[in-house]
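The structure appears below as structure tokens.
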Amino acid sequence: MRDEAQCSYDDDGHQFTNEADGRCWGGRIASEADEFVDAAVEVYTRKELWESCQDKGTDLLNQLFNGRINLPVVENGIRDAMISLKQRRRLDVIGAILWRDAQRSTEYFSKWIELKESLAAKTESR
């Protein structure tokens with residue numbers, strides 16, 4: 001297996017790179033189920049290959065989900081959502097319908113329990 005910067009293919013011709021963006025994937029890419037199973041078994045049984053794939057996967061996660069880059073974006077999104085919360089709730093028609101229906105189902109369920117208990121009490125008193 002080659003450890004090149006692009007790490008496109010190993011010695012057996014197995015693909016390791018996303019052709020769209022050139023990022024190195026920490027595992028094998030297969031098109032058919034049999035290829036996938038064979039690649040999974042090979043990665044699992046060859047310790048050096050497992051560790052190499054693990055390192056590449058960790059590198060990819062660090063590239064894609066870097067906390068220093070992504071955390072401010074998430075924090076700003078949450079802050080913006082909290083600032084405009086009333087407007088967001090007013091515009092969320094589907095959410096309002098679901099909340100209303102959920103509360104109505106709880107109401108009907110509690111009425112059903114109440115009726116069931118009152119009927120059970122009446123039959124016991126007879």
Legend entry - Closest non-hydrogen atom pair, Ser118 against Leu115: OG-O, 2.8 Å
Legend entry - Point-to-point distance, once rounded to the nearest 0.5 Å, from CG of Asp55 to CG of Leu60: 12.5 Å
Legend entry - Distance (rounded to the nearest 0.5 Å) between Thr58 OG1 and Glu51 CD: 11.5 Å
Legend entry - Arg89 side, atom CZ; Asp92 side, atom CG - distance, nearest 0.5 Å: 9.5 Å
Inset, instruction - Would you give the length of the straight line joining atom CG of Leu64 to atom CG of Asp59, rounded to the nearest 0.5 angstrom? - result: 11.0 Å
Legend entry - Over all atoms of both residues, closest heavy-atom pair of Val43 and Trp50: O-CB, 3.4 Å
Inset, instruction - Would you name the heavy atoms of Ala81 and Arg88 that are closest together and state the gap between them? - result: O-CD, 3.5 Å
Inset, instruction - Answer whether the closest heavy-atom distance between the side chains of Val74 and Ile78 falls below 4.5 Å. - result: yes
Legend entry - Rounded distance [0.5 Å steps], CZ in Arg79 versus OG in Ser84: 12.5 Å
Inset, instruction - Please report the shortest heavy-atom distance between Pro72 and Gly67, naming the atom on each side. - result: CD-O, 3.9 Å
Legend entry - Salt bridge flag under 4.0 Å for residues Arg104 and Glu107: yes
Legend entry - Other residues, nucleotides, ligands: >12 heavy atoms within 6.0 Å of Glu114 CD: no
Legend entry - Gap between atom NZ of Lys47 and atom CD of Gln54 - 0.5 Å precision: 10.5 Å
Inset, instruction - Could you walk me through whether Val93 and Ile97 pass side chain to side chain contact (heavy atoms under 4.5 Å, CB included), step by step? - result: CA-CA 6 Å; Val93 176; Ile97 291 170; 4.0 Å; yes
